[in-house]
Every structure is written in C-alpha cells, then in structure tokens.
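Worksheet: one structure, shown below.
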Amino acid sequence: IYESNTPDYFINTYESIGVKSIIGVSIRKGKDIWGTLILSEYDKFKHWTDEDRKLLTTIADQVYLAINQAELYEKLQQTAENEKVLREIVLSSVSTFKFEDIIKSIVTQKWKLFKSDRCFYISYDPETNSSLQIEKYAEYLSSNDIKSHTEVQPTKEQVAVFLELARESQITTVNNIEEINLPDETRYMLIDCLSVKSYLIALVHYGDIYYGSIVLHYVNTYKQFTDNDINVAEAIANQSAIVIHHYELYNKVENLSNKEKLLREIISDIKLSQNLEQVYNYLLAKISDVFY
C-alpha cells in the first residue's frame, strides 16, 4: 500500500486494520462511478498481476449488470405498486357511495405507498375559501405515538396560505421545514404541536373546482422528495379528484331523484286530501323534505 498513489488518509486507514496489499476496480455506468470493488491482503504482501486486474474488472462489470438489473426490477415493482394504488382509489368509488369510505381509502392507499407518519385529506369550502374540519376517517397515522391532526385544527388564515401555495403548484414539497419561512402561528402548529419535519401537499381539484388537499407529514425522519414522488403524488391527486367529482355528480342525481319521488308522493297524497286544511298541513310537513 506504501508504493501506490493512494492518499495518506486512506493508507493510514488501511494500515490501522492490517492491510498490506490492495487492489481496486471502479464499478462504472458510462462515465459515472457507482462504487469500487476492493480486494485486500492482510497476511502477506501480494504482487497483483495483469490477470488479477482483468479478472477483477470482469467481476466488476458483472456487478454493474447485477446492480442495474436490481434497480430496474425495483423501478418495475414501484410502477406496479403505483398502478395498484390508483386502481384501489378507483375501486373505492365503485364499491361504495359513502364519502367517508372513499376518503379513507385514498389516505390509506397513499400512506401505504409513501410511508409517511401522517396522511390526511382536508376538504375546502368553496364559499368561504376555508377548510372544513379534519375528520378522523380522513386521517391515517403510522402509529399511536403520532399525534392526530384532528386535535390541532388549522385556522381559516392558515388554510388560505396553503391553498394559495397549492394553486401556484399542484404539488408542494418541503424537505426540511426549518429551512422555509412560515407565519409564526403556522410554524407553531406544524413544528411545536405536530412535530413535522417534511411535508407534501397535493391539491385535489377537478378543473376549477377545488375539493381539498391530500397531505403527507413526516415526523420521525426528514424526507427528500424525488421527481418520481411528485409525479406519483400528482397522479394520485388527479385520480382522487375524478373519484370525488363522480361522487358529487352521483349525489346530485340521487338528491334530484329523491326530490322527484317526494314530489310524486305529494301530488298523489294531495289528491286524497278531503279539504284545504289537510292540504295545507300536509304541504307544511313535506315541503322541507323537497328543498332541504
């Protein structure tokens, strides 16, 4: 090791663990170096031959192929997992017409994919430009040690800030919450109360209709969001918007159908009324069912 061009700090390290001779070959992908394959001799000094170098280079090439195949397999697995989550979200709208079940399925599936500590859906009220209360069914926690956001509800002002950010970019990510500027009240809620280190906000909207946001909170570790994370989060948000929009349409049709049914009942019952007083009393009792 003393006859090589190895830097002194490496030589000191090798010497401290008893290395006498060493040979290394880079594992390369084009011009990029993925790592180094190293052989060390502890018992005696060894003269490495050209055949040794060729053999080690061949092994390094095989290692590159194995790593490349493993990475490709992981990407395929991730793609399959992403598609599975999107299918589950779509199926949730087919298997149930309950809003609570649809939202619960969305936050559960997204948590499974991203492994966040807290995943929740927050609904927006388009009339007041504020959020509705975060409900228990709309939140998934990784453990009982994670504080529920239902215990710390955001204010109208805080929601307005996040909604403005979301409208600028459908996906908002923060790798380290300490590195961004937040209003004092929001900082207190996220850091002091909810222990957030990193977060992602995915706006759920159908055209110009803003339904809400799916939010990921990382509490125990910081999360470095990748381009793939952002693409997947956006796909889930878009699919969720379609599912929620279909639910809204179904609800409107169902309500209209129920009102038409009530109107038919009213017309039929009025025909059986004996006098005006019976008509008036019946209408007063039924009219609220038609309009509310």
Side-chain angles (χ1 to χ4, degrees), residues 77-78 81-82 84-93 95-96 98-125 130-156 158-159 161-163 165-166 171-180 182-204 211-226 228-230 232-233 235-237 239-240 243-244 247:
Q77 277 191 316
Q78 188 64 52
E81 185 66 24
N82 296 346
K84 180 182 177 183
V85 168
L86 293 175
R87 284 197 304 272
E88 290 292 338
I89 291 173
V90 172
L91 288 174
S92 69
S93 65
S95 61
T96 180
K98 291 181 64 178
F99 181 76
E100 292 85 350
D101 292 341
I102 291 173
I103 297 301
K104 186 176 182 179
S105 173
I106 289 171
V107 297
T108 301
Q109 295 302 325
K110 189 160 184 178
W111 175 85
K112 286 181 180 179
L113 192 61
F114 282 88
K115 294 296 185 292
S116 61
D117 297 305
R118 184 186 296 113
C119 180
F120 63 94
Y121 176 80
I122 182 168
S123 297
Y124 295 142
D125 182 354
S130 62
S131 71
L132 303 176
Q133 185 169 338
I134 300 172
E135 301 290 350
K136 281 284 188 181
Y137 66 77
E139 181 182 55
Y140 193 98
L141 304 175
S142 62
S143 74
N144 294 329
D145 296 330
I146 304 299
K147 188 172 185 176
S148 172
H149 207 324
T150 60
E151 300 175 21
V152 188
Q153 294 289 342
T155 64
K156 179 180 178 180
Q158 290 168 338
V159 171
V161 170
F162 285 114
L163 182 56
L165 289 173
I171 306 296
T172 302
T173 60
V174 171
N175 297 327
N176 185 345
I177 198 170
E178 297 288 355
E179 296 177 351
I180 64 170
L182 289 171
D184 291 340
E185 189 177 1
T186 303
R187 178 172 288 274
Y188 173 78
M189 178 186 71
L190 292 178
I191 299 177
D192 297 336
C193 297
L194 296 172
S195 304
V196 176
K197 288 184 169 65
S198 306
Y199 67 78
L200 178 148
I201 304 174
L203 181 64
V204 178
Y211 288 118
S213 286
I214 307 170
V215 184
L216 301 175
H217 282 174
Y218 290 83
V219 172
N220 294 320
T221 58
Y222 291 96
K223 168 72 174 177
Q224 297 295 315
F225 294 102
T226 65
N228 182 64
D229 291 333
I230 293 171
V232 172
I236 292 174
Q239 195 65 63
S240 300
V243 169
I244 293 172
Y247 165 80

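When all heavy atoms of A202 and I171 are compared, the closest pair comes out as CB-CD1, 3.6 Å. What you find for V107 and A138 is that their closest heavy atoms are CG1-O, 3.5 Å. Taking every heavy atom of both residues into account, F99 and S123 meet most closely at CZ-OG, 4.2 Å. When all heavy atoms of V196 and I177 are compared, the closest pair comes out as O-CG2, 3.2 Å.
With a 4.5 Å cut-off on side-chain heavy atoms, I244 and I103 count as touching. Residues N220 and I146 are in side-chain contact: their nearest non-hydrogen atoms beyond the backbone lie under 4.5 Å apart.
For the atom pair OH (Y140) and CG (D117), the distance works out to 12.0 Å, reported to the nearest 0.5 Å. Distance CG/L203 to CD1/I214: 9.5 Å, rounded to 0.5 Å. Atom OG of S116 is separated from atom CH2 of W111 by 8.0 Å, given to the nearest 0.5 angstrom. The distance from the NZ atom of K197 to the OH atom of Y222 is 5.5 Å, given to the nearest 0.5 Å. Atom OG1 in T172 sits 9.5 Å away from atom CD1 in I180 (nearest 0.5 Å). Residue L200 holds its CG atom at 10.0 Å from CG of N175, rounded to the nearest 0.5 Å.
Applying the salt bridge (charged side-chain N to carboxylate O under 4.0 Å, His left out) test to pairs two or more places apart or on separate chains, none has a residue in residues 139-150.
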**Request:** List the steps, then state whether salt bridge (charged side-chain N to carboxylate O under 4.0 Å, His left out) holds for E178 with R187.
**Result:** CA-CA 9 Å; E178 297 288 355; R187 178 172 288 274; 3.5 Å; yes

**Residue pair H149, M189: steps toward the side chain to side chain contact (heavy atoms under 4.5 Å, CB included) verdict** = CA-CA 10 Å; H149 207 324; M189 178 186 71; 4.1 Å; yes

**Request:** Kindly indicate, with the supporting measurements, whether the criterion side chain to side chain contact (heavy atoms under 4.5 Å, CB included) is fulfilled by F120 and H217.
**Result:** CA-CA 9 Å; F120 63 94; H217 282 174; 3.6 Å; yes

**Item:** Working for side chain to side chain contact (heavy atoms under 4.5 Å, CB included), residues V219 and L194
**Value:** CA-CA 8 Å; V219 172; L194 296 172; over 6 Å; no

**Message:** Evaluate D229 against K223 for side chain to side chain contact (heavy atoms under 4.5 Å, CB included), listing each step before the verdict.
**Reply:** CA-CA 11 Å; D229 291 333; K223 168 72 174 177; 3.5 Å; yes

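D184 CG: 12 or fewer foreign heavy atoms inside a 6.0 Å radius. Around atom CD of E100, more than 12 heavy atoms belonging to other residues, nucleotides or ligands sit under 6.0 Å away.
For T221, there are no side chain to side chain contact (heavy atoms under 4.5 Å, CB included) partners at least two apart in sequence or on another chain. Partners of T150 under the side chain to side chain donor-acceptor pair (under 3.5 Å) rule, at least two apart in sequence or in another chain, are S148.
A donor-acceptor distance shorter than 3.5 angstrom exists from the side chain of S240 to the backbone of I236, with no hydrogens or angles considered. Looking at Q153, its side chain does come within 3.5 Å of a backbone N or O of I134 through a donor-acceptor pair.
In this model, a donor atom of one side chain and an acceptor atom of the other lie less than 3.5 Å apart for Y124 and S213.
A distance below 6.0 Å separates the ring centres of Y218 and F225.
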